[in-house]
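This is a predicted model, so every value here is computed, not measured. In what follows, every chain begins at residue 1, and chains take the letters A, B, ... in the order their sequences are listed.
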Protein chains: 2
Amino acid sequence: MEIHIENVGEYLKNSGIKPSYQRIRIFQYLVENRNHPTVDMIYKALCAEIPTLSKTTVYNTLNLFIEKKIVNVIVIEENETRYDSVMDVHGHFKCEKCGKIFDIDIDNEHLKDNRLKEFEIKEQHYYFKGICKDCANK
Amino acid sequence: MEIHIENVGEYLKNSGIKPSYQRIRIFQYLVENRNHPTVDMIYKALCAEIPTLSKTTVYNTLNLFIEKKIVNVIVIEENETRYDSVMDVHGHFKCEKCGKIFDIDIDNEHLKDNRLKEFEIKEQHYYFKGICKDCANK
DNA sequence: GTATCTGCAAAACATTTGCAATTCT
DNA sequence: AGAATTGCAAATGTTTTGCAGATAC
């Protein structure tokens, strides 16, 4: 689940997205901070460098990224939409104490052996919740 | 993933919930219609029989059910919270065309063989999206 | 110079909260 | 009567939309 993008502008262009300054910075944020951020986290982080940035643009941009399939939505929690630039199939674990979200490798071959054969699957989401190692040792 | 509840009132009482008329009808709806409904679906369906019902009560009741662990939340989709009275671990497949949600048996033993061992898991959610058999044949 | 992109303000929703009225025992 | 429950109206929070001004090619 690793991606290495030297040139974000090129990457966006190849995905059919005009690489505006805001779009580049938002995508760069997702790639550099693999923190599965909310819109608010992205907005607050980038506001420092782009004082004119609006939340509308963050929403518009993320929706464009999703449409062009370079960003995934994570809805592990009600009323907390998060975004992920890693497009490989993987799972997410959210710690109930610290709130951090961890990436989980999923061996999903075994899951295919059930009723799922009847469906044409386009998306797979694996979410787990509990207590992470660090919080358990406190 | 089958539950058979003859007496909803008793079931609620045993779960530490006072079985008011509204609570019984809402839980009954969930058990009888395994359609993973939204708040709005429950509200509209029950309004016919309980004209004075308010959405606040549906929200309050579902939150109580979740707290008492007799109902699960399904957040397969952004801005579309759904509810399920089946508490066994299982997955959900949502058809992008007809919008229907199907229950999926999950053999999750194989998933345990990865980084998940590091976490104390309390909840597991398996969501899939795509096209169901019926919609594929149209 | 024309298309597109951005960002403000308002609208649209979903959910929660405060509180008064109702219900149940 | 007393405690819990219900339901209205208002508040909150998130995401979308309309549109005017800014930007890019």
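Contacts between residues 44-53 of chain A and DNA chain C, counted as heavy-atom distances below 4.0 Å, involve A/T52, A/L53. A heavy atom closer than 4.0 Å to some atom of DNA chain D occurs in B/K18, B/S20, these being the qualifying members of residues 12-21 of chain B.
A/R23 places its CZ atom 16 Å from the P atom of D/dT23, with the value rounded to the nearest Å. If you take CG of A/L64 and P of D/dT17, they are 14 Å apart, rounded to a whole angstrom. Atom OH in B/Y43 sits roughly 11 Å away from atom C1' in D/dC8 (whole-Å rounding).
When DNA chain C is scanned 5' to 3' for any atom under 4.0 Å from a heavy atom of chain A, the first and last hits are C/dT4 to C/dA9.
Here C/dA3 is in the syn range [glycosidic angle within 90° of 0].
Applying the side-chain contact (heavy atoms from CB on, under 4.5 Å) rule to B/N35 yields the partners B/Y29, B/N33, B/P37, B/M41; only residues at least two apart in sequence or on another chain are considered. Residues passing the side-chain contact (heavy atoms from CB on, under 4.5 Å) test with A/C47, sequence neighbours excluded: A/Y43. Not a single side chain to side chain donor-acceptor pair (under 3.5 Å) links A/R23 to another residue, sequence neighbours left out. Residues meeting the ring pair (Phe, Tyr, Trp, His ring centres under 6.0 Å) test with B/Y59, sequence neighbours left out: none. Applying the side-chain contact (heavy atoms from CB on, under 4.5 Å) rule to B/K44 yields the partners B/D40; only residues at least two apart in sequence or on another chain are considered. Here B/T57 pairs with B/Q22, B/L53, B/S54, B/T61 under the side-chain contact (heavy atoms from CB on, under 4.5 Å) rule; sequence neighbours left out.
Aromatic ring centroids of B/Y11 and B/F27 lie under 6.0 Å apart.
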task: Check the pair B/V39 / B/T81 against side chain to side chain contact (heavy atoms under 4.5 Å, CB included), numbers first and verdict last.
output: CA-CA 8 Å; B/V39 162; B/T81 307; over 6 Å; no
task: Please step through side chain to side chain contact (heavy atoms under 4.5 Å, CB included) for the pair A/I131 and B/I121, ending with a clear verdict.
output: CA-CA 7 Å; A/I131 309 293; B/I121 299 170; over 6 Å; no
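Helix bend of the helix from C/dT4-D/dA22 to C/dT25-D/dA1: the angle between its two end axes, each built from five pairs, comes to 20° after rounding to 10°.
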Show every donor-acceptor pair shorter than 3.5 Å between a side-chain atom in residues 69-78 of chain A and any protein atom, with sequence neighbours excluded, or say none if there are none.
unit_1, atom_1, unit_2, atom_2, d
A/E77, OE1, A/K94, NZ, 2.9
A/E77, OE2, A/K129, NZ, 3.0

Give every pair of a protein N or O atom and an N or O atom of nucleotides 14-16 of chain D that lie under 3.5 Å apart, one pair per line with the distance.
unit_1, atom_1, unit_2, atom_2, d
D/dT15, OP1, A/T81, OG1, 3.0
D/dT15, OP2, A/Y59, OH, 2.4
D/dT15, O5', A/Y59, OH, 3.2
D/dT16, OP2, A/N63, ND2, 3.1

